[in-house]
Every structure is written in C-alpha cells, then in structure tokens.
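Heads up: the structure comes next, in structure tokens.
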Amino acid sequence: MPSFTATTPLFEVMRDPSAHGIISKEIPELANNPILHTLYHYPLGLILGTEEQLRADDTRRAEILARLTAIEPAAVREQAKAPRPQPQQDYEPADTPEASAQTSFPSTSAKWSAFEIELNGPGHGNPFTDVDLSANFSSNGSSFTVPGFYDGEGTYRIRLLVPESGTWSFTTASNARSLNGISGSFEAGAATSLGVVRVVKQFHFAYDDGTPHVPLGTTSYAWTHQGDDLEQETLRSLANGPFNKMRMCVFPKSYLFNENEPEIYPYEGSVDRGFDYLRPNPAFWAHLERRIDQLEELGIEADLILFHAYDRWGFSTMGPDADDLFVKYAVARLASKRNIWWSLANEYDLLFDKNTEDWERFADIVTANDPNGHLLSIHNCREFYDHSRPWVTHCSIQRRDIYKTAEMTTEWRAQYGKPVVIDECAYEGNIDQGWGNITGEEMTRRFWEGAIRGGYVGHGETYMDPNDVLWWAKGGSFKGTSPDRIGFLRRIISEAPGGRLEPLEGHWDVISAGLEDEHELIYFGFFQPTYRRFVKPQDITFEIDVIDTWNMTVETLPGTFQGRFRIDLPGRQYIAVRLRAVA
C-alpha cells in the first residue's frame with residue numbers, strides 16, 4: 001500500500017493501527033470526538049488543519065502530519081491474541097459433593113417456549129470466567145448441549161428454547177463439582193408461539209409453524225439505554241406502529257445526538273474507575289432481557305447488534321478474551337428468546353481492532369452455542385462482508401450508493417442467493433447528514449421498490465429535536481410520514497398469495513411481483529403515467545385495483561379485463577396497479 005499523504009481520507013488513516021495509535025495519543029480530542037465518523041471522508045491534512053487543538057500550533061501539526069505520513073500502512077490488521085482465562089478443574093475443593101447445588105426448574109414447558117434451570121452455586125473468584133457450565137438435553141433421539149451462565153449472587157442459569165413437544169431430560173456438566181452431574185426431566189406440551197423466524201424459499205422468511213414473516217423493520221440503536229420513561233414511550237410507539245422488527249444494540253452508543261450516559265452499564269465498574277470487561281453486570285442484562293420480552297409481546301423481532309464502533313467506554317476495543325466472553329454470554333442468556341436475531345456488528349468495517357478472523361470466530365461461537373439456530377447476519381458501512389459465508393443467513397445491508405438503494409435488491413439477490421434485508425436505506429429526517437434527511441415520500445418509495453424486487457427494507461427517523469431524542473438513536477415517538485404508509489404496504493403484502501412477494505419479469509420499464517397471470521402487483525414509483533396498456537391472455541379475466549401508496553387508497557376499477565386493454569391512471573407518483581385473476 002502507498003504511504004499516507006495529506007490528501008488521504010481520515011478513514012484510511014484511522015483504520016491503520018499505528019496511525020490510529022498516534023492520533024489517539026497526540027490528539028485524543030479527535031479520536032474521542034462523538035462526530036468522528038462524520039469526518040472520515042475528509043482528507044487528513046484538512047482535518048489536522050481544522051482541529052481546534054492544533055489550529056494555533058503549526059509546528060505540532062506539521063510534526064504529527066510528518067509522523068503519520070512516514071508510516072508504511074499495514075496491509076493486514078494483526079491483533080495480539082492474549083491468552084484467555086480457562087476454567088480450572090479445582091475451582092471447588094475436591095471434597096465438595098458433586099451435584100450438590102440447590103436446583104429448581106419447572107416440571108412442564110411448551111414447544112418453542114423458554115425452559116430455565118436455576119442453580120445456586122459457588123461465587124468465589126470470578127465465576128464469569130472461572131466456571132464452565134452446560135447441560136445436555138435429550139428427547140426422542142435428539143440431543144444437544146446448551147451453555148449456562150452466571151447471573152450474580154451465586155446464581156447460575158441454563159436456558160433452552162424447547163424445540164419439540166415431548167419428554168425431555170437433561171444432565172449438567174461443570175468444572176464446579178457442586179454444579180456437575182445434576183439431572184432432571186420435564187414435559188413439553190404443544191406450541192404456544194409461532195416459533196423462530198427462519199429463511200424459507202431461499203429469499204424469504206417464515207416462523208417455525210409456517211406463518212410467513214415479512215420483515216418491515218425499524219432502527220433505534222440505543223433505545224434500551226435511555227431510562228424507563230423514554231423506553232416506555234418507545235414501546236407505546238411500537239405498539240401503535242407497523243413495524244415487526246427492531247434493530248438495536250447491546251452496548252450504549254457514543255455519537256452524534258448520542259452523548260448522554262446510560263443509566264446502567266454492561267460491565268461492573270464505572271466511567272471514572274473503568275470497567276472490568278470480564279465481569280458482566282447481571283442487572284444490565286436483566287434489563288435488556290425485559291425489553292426484548294416486551295418486544296415479543298408486541299410481535300416484534302429483536303435484531304440484536306453485538307458490536308459497534310460508536311463507543312467511548314472501551315466496549316469496542318476490549319480484546320479477544322473479553323470479546324469472546326461477551327459473545328458467549330450474550331448467546332447463553334438470550335438464545336432462549338424466540339424473537340432474537342443475531343447481528344454480529346453494525347458497520348463491522350469501522351471496528352478497526354477486529355479483522356475477518358475475529359468475525360468468523362464470533363460466528364462460530366454463536367452457532368456453536370445457539371441450538372435453535374436463530375438468524376445471523378453482519379452489517380457494513382463501506383465494504384460488504386462476504387454474505388456468501390455459510391453462517392450468514394441473510395444479507396444485512398447499508399446502501400453504498402448515495403441514491404440507489406432498494407434498486408440494488410435484484411442484483412444482491414442474484415449475487416448472494418439469500419434474503420436481502422436493507423437495514424439501512426437512509427433515514428427519514430432533516431439532520432445535516434445525507435444518510436439522515438430523506439423525505440417520507442422517498443422512504444416509502446424505497447420500501448415499495450425493495451418489496452416488489454423481493455427484498456425487505458428498514459426504516460429509521462432522524463428529525464431534529466430540542467432534547468436530542470431522535471428515533472434512530474433513542475426511540476421516543478415517530479415524527480415522520482412514512483410509518484403509516486409502511487403499515488399500508490404491510491397490508492398489501494399480506495393480501496398477496498402466500499403472504500409474500502416474489503419478483504416477476506415481463507415489464508421493461510416498471511417492476512412487478514406476485515404470481516404471473518394470477519395476482520400481480522406493478523409499482524410505478526416516481527413515474528407518473530396517466531394510462532397503461534396491457535397484453536394478457538384472452539382466456540383469463542382480471543379485476544384491477546389502482547393503489548395510491550402515498551394516500552393509502554385502493555380503487556377497484558369497474559368491470560373486468562382480458563386480452564389487450566388500457567386502463568386510466570391518475571398521472572401522479574407512487575401509484576401501483578394490482579391485477580387479480582377472477583376464478
């Protein structure tokens with residue numbers, strides 16, 4: 001790679017470990033700037049020349065630039081792999097009776113419901129790293145192992161999302177003698193939920209019971225870090241909204257409009273004293289679990305982001321030992337939730353301390369410890385991850401083109417052969433960033449464009465607020481005009497055969513989806529025809545609906561149609577036409 005120059009974009013400089021280290025040490029105000037990521041596309045010389053701490057010191061600025069331009073950029077990020085703490089077999093004295101821990105669990109459960117074993121055991125040392133605990137579950141010839149976790153105050157838990165009805169038995173295994181060899185059984189009755197969302201028909205989703213799931217998602221990254229009043233407002237908004245998937249982070253966020261401290265942190269410690277990344281805070285996780293359960297009560301999938309780069313607490317740079325503990329702990333605690341989707345990262349390519357080897361390792365940890373195989377993805381900023389990797393269940397995409405987004409759904413489906421979920425198509429709002437100031441009309445158009453092309457588009461809002469409560473970050477209330485229209489789209493999709501849309505060929509100038517000559521939905525987007533000609537089989541009779549996707553109206557035209565015919569259209573944007581074959 002060529003050396004850095006004054007014209008090198010800041011992004012390329014910050015992703016290099018040596019350059020990142022120089023900037024962090026010499027200009028910590030820049031490295032910790034909450035809007036750092038909005039500066040990435042500017043050249044290094046311009047950033048140094050406008051940095052407040054350097055503007056009056058030409059000599060220091062020149063010295064820093066000279067040090068940075070003298071670096072030979074690293075071709076590959078090499079990360080030191082510190083030895084991980086390993087559970088020891090002598091964690092408890094040899095005279096401790098095996099299987100002696102007090103244990104409780106219900107005698108009954110249900111298919112696709114959570115079953116939990118609670119154990120009261122030892123708490124000395126650091127049980128989060130010193131104790132290894134799991135249980136082997138078996139029923140009707142099926143057998144698998146589920147990890148347990150420490151929940152503080154001497155309490156351990158093992159959780160299973162029961163995959164089948166029937167009689168289940170389990171036996172625990174642990175290096176802590178009192179937790180080892182505990183056995184039990186329970187009866188699982190008929191299902192009380194739809195089950196887990198899975199990929200079906202290559203490009204689509206359905207629950208375990210076969211019910212179609214059409215992800216119409218929204219994003220509120222840090223909504224669970226805002227305190228009860230605002231979080232309850234967020235839940236009320238979701239209850240009255242159209243969305244059935246919530247994209248959200250485990251860790252708090254430090255970024256534009258995200259400068260408040262959370263009320264509770266994911267690890268023991270404090271901002272002043274620092275955090276112990278090998279000691280998760282059980283109260284934090286209990287709070288997160290409660291919010292995920294509340295989403296399930298609303299019929300909303302929790303698309304949970306494990307890592308992100310917008311951080312001032314060190315959670316994005318903890319190191320491999322803490323990272324691995326975090327991923328396994330998250331899966332052990334939450335894999336029993338029916339409505340969990342795993343997202344390894346939001347904008348993985350901005351986490352400069354991690355490389356492909358790390359992401360592949362995290363994927364291995366998730367898949368090895370989640371017996372129910374929840375959906376698993378990873379999300380990009382500038383560079384796509386290889387979505388063809390076998391562990392990637394669906395493409396989680398942020399647009400890379402300033403204008404084209406949903407239009408690329410066709411290409412991405414062909415390239416990866418997997419469901420395309422455009423989790424970040426830009427946000428409806430009015431902030432200064434181009435990703436956060438599209439109109440409600442454009443957000444709605446992108447949803448329709450993606451849906452007709454056989455993909456799934458996600459929503460977010462970034463409207464300015466005097467209290468910095470922007471939905472995309474903190475939740476609260478919807479302010480935009482697109483949510484109601486997205487709900488209307490949800491209704492239209494539900495009326496299609498099978499409750500989902502499959503793209504069709506046959507029109508050179510517009511897109512369509514459905515079943516050929518049976519139920520076809522044609523979308524004109526930003527075009528505005530006043531009429532349309534059709535050529536259809538003479539022996540098939542159609543009823544036709546003219547759908548105004550913005551005004552949310554459906555007008556059924558009088559009479560029926562077959563063969564060659566023409567229909568009048570309103571001559572405005574955002575119109576769709578639906579052809580329904582008459583039996």
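Shown are R580, R500, R578; of these, the salt bridge (Lys or Arg N to Asp or Glu O under 4.0 Å) with E495 is made only by R578.
Heavy atoms only, all atoms of each residue included: S139 and G166 are closest at OG-C, 4.4 Å. The shortest non-hydrogen separation linking G436 to T462 is O-OG1, 2.7 Å. Closest heavy-atom contact between I431 and N437: O-ND2, 3.0 Å. The nearest pair of heavy atoms linking T224 to E231 is O-OE2, 2.9 Å. Closest approach of V162 and A188 over heavy atoms only: CG1-CB, 3.7 Å. The two atoms that bring L160 and P371 nearest to each other are CD1-CG, 4.5 Å, heavy atoms only.
R159 contributes no side-chain N or O that, together with a main-chain N or O of E116, makes up a donor-acceptor pair within less than 3.5 Å. Without hydrogens or angle criteria, N339 side chain to I300 main chain gives a donor-acceptor distance under 3.5 Å. Between the side chain of N467 and the backbone N or O of V469 there is no donor-acceptor pair closer than 3.5 Å. Between the T393 side chain and the L375 main chain, no donor and acceptor come within less than 3.5 Å of each other. The backbone N or O of G373 sits less than 3.5 Å from a side-chain atom of R198, completing a donor-acceptor pair. For D209 (side chain) and G195 (main-chain N/O), no donor-acceptor pair under 3.5 Å exists by modelled atom type. S343 places no side-chain N or O within donor-acceptor distance of the main-chain N or O of D303, the cut-off being under 3.5 Å. Side-chain atoms of H308 come within 3.5 Å of backbone N or O of P252 as a donor-acceptor pair. Put simply, the side chain of N369 never gets that close to the backbone of V331: no donor and acceptor are under 3.5 Å apart.
Put simply, the side chain of Y463 reaches to within 4.5 Å of the side chain of E428, judged on heavy atoms. Side-chain contact between H225 and K253 is absent, with no heavy atoms from C-beta onward closer than 4.5 Å. Within the 4.5 Å cutoff, the side chain of I547 has heavy atoms near those of the L521 side chain. By the 4.5 Å heavy-atom criterion applied to side chains, F362 and L306 are not counted as neighbours. Side-chain contact between L161 and H374 is present, with heavy atoms from C-beta onward closer than 4.5 Å. Looking at K536 and F561, their side chains never come closer than 4.5 Å, going by heavy atoms from C-beta outward. Contact check for N380 versus Y385: no side-chain heavy atoms found under the 4.5 Å cut-off. Counting heavy atoms from C-beta on, the side chains of D364 and W391 never come closer than 4.5 Å.
Under 3.5 Å, the side chains of S113 and T192 contain a donor-acceptor pair of N or O atoms. With hydrogens and angles left out, the side-chain atoms of S142 and N140 include no donor and acceptor closer than 3.5 Å. Of the N and O atoms on the side chains of E543 and T560, not one donor lies less than 3.5 Å from an acceptor on the other residue. No side-chain donor from either of Y427 and Q433 sits under 3.5 Å from a side-chain acceptor of the other. Side-chain atoms of S396 and H379 form no donor-acceptor pair, as typed in the model, at a separation below 3.5 Å. A donor-acceptor contact closer than 3.5 angstrom is absent between the side chains of N258 and Y310. Between the side chains of N346 and R247, a donor-acceptor pair is found at a separation under 3.5 Å.
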Item to check | Pair E407-I511, side-chain contact (heavy atoms from CB on, under 4.5 Å): steps then yes or no | outcome: CA-CA 10 Å; E407 293 79 4; I511 54 174; over 6 Å; no
Next on the checklist: Go through it in stages, so that I can follow the logic: the residues are D545 and T556, the test is side-chain hydrogen bond (donor to acceptor under 3.5 Å, both in side chains), and I'd like the CA-CA distance, side-chain angles, deciding distance and then a yes or no.
Outcome noted: CA-CA 4 Å; D545 303 316; T556 301; 2.7 Å; yes
Next on the checklist: Show, in sequence, the C-alpha distance, side-chain angles and deciding distance for Y523 and H507, and conclude whether the ring pair (Phe, Tyr, Trp, His ring centres under 6.0 Å) test is met.
Outcome noted: CA-CA 11 Å; Y523 181 58; H507 301 276; over 10 Å; no
Checklist entry - Please walk me through it: do E233 and R236 pass salt bridge (charged side-chain N to carboxylate O under 4.0 Å, His left out)? => result CA-CA 5 Å; E233 181 183 343; R236 289 192 295 272; 5.1 Å; no
Checklist entry - salt bridge (charged side-chain N to carboxylate O under 4.0 Å, His left out) between E461 and K479: does it pass, once the steps are laid out? => result CA-CA 8 Å; E461 287 185 11; K479 300 176 182 176; over 6 Å; no
Checklist entry - Step by step, would you call D465 with K474 a salt bridge (charged side-chain N to carboxylate O under 4.0 Å, His left out)? => result CA-CA 11 Å; D465 181 88; K474 299 177 182 177; over 6 Å; no
Item to check | Residue pair W471, T218: steps toward the side-chain hydrogen bond (donor to acceptor under 3.5 Å, both in side chains) verdict | outcome: CA-CA 9 Å; W471 173 268; T218 187; 3.0 Å; yes
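Heavy atoms of other residues, nucleotides or ligands lying less than 6.0 angstrom from CD of Q202 number more than 12.
One finds a salt bridge joining D548 and R572 here, because a Lys/Arg side-chain nitrogen approaches an Asp/Glu carboxylate oxygen to under 4.0 Å. Using a cut-off of 4.0 Å between Lys/Arg side-chain N and Asp/Glu carboxylate O, E502 and R413 are scored as salt-bridged. The residues R453 and E411 are annotated as not salt-bridged, no charged nitrogen and carboxylate oxygen being separated by less than 4.0 angstrom. By the 4.0 Å N-to-carboxylate-O rule, D358 lies close enough to R361 to be salt-bridged with it. Checked for salt-bridge contact, D228 and R290 miss the test: no charged N lies under 4.0 Å from a carboxylate O. Electrostatic pairing of K337 and E296 does not count as a salt bridge here, judged by no charged N lying under 4.0 Å from a carboxylate O. Using a 4.0 Å cut-off between charged nitrogen and carboxylate oxygen, R446 and E449 do not count as a salt-bridge pair. Look at R338 and E301 and you find a salt bridge, because one of the NZ, NE, NH1 or NH2 atoms lies within 4.0 Å of a carboxylate O, short of that distance. Using a cut-off of 4.0 Å between Lys/Arg side-chain N and Asp/Glu carboxylate O, D208 and K111 are scored as not salt-bridged.
In this structure, D423 CG and T219 OG1 are separated by 6.0 Å, a value rounded to the nearest 0.5 Å. Interatomic distance, I493 CD1 to L216 CG, rounded to the nearest 0.5 Å: 5.5 Å.
For Y329 and W285, the distance between ring centers is under 6.0 angstrom. Less than 6.0 angstrom separates the ring centroid of F384 from the ring centroid of W412. Between W168 and F144, the distance separating the two ring centers is shorter than 6.0 angstrom. F243 has its ring centre less than 6.0 Å from the ring centre of F478. Taking the six-membered ring for Trp and the full ring otherwise, the centers of F115 and F186 sit less than 6.0 Å from each other. When ring centroids are compared, W341 and H394 come within the 6.0 Å threshold. When ring centroids are compared, F205 and Y456 come within the 6.0 Å threshold.
Relative ring orientation between F307 and F251 is described as tilted, the plane-to-plane angle lying within the 30° to 60° band.
Remark: R382 is positioned above the aromatic ring of F11, its terminal NZ or CZ atom under 6.0 angstrom from the ring centre and at most 45 degrees off the axis.
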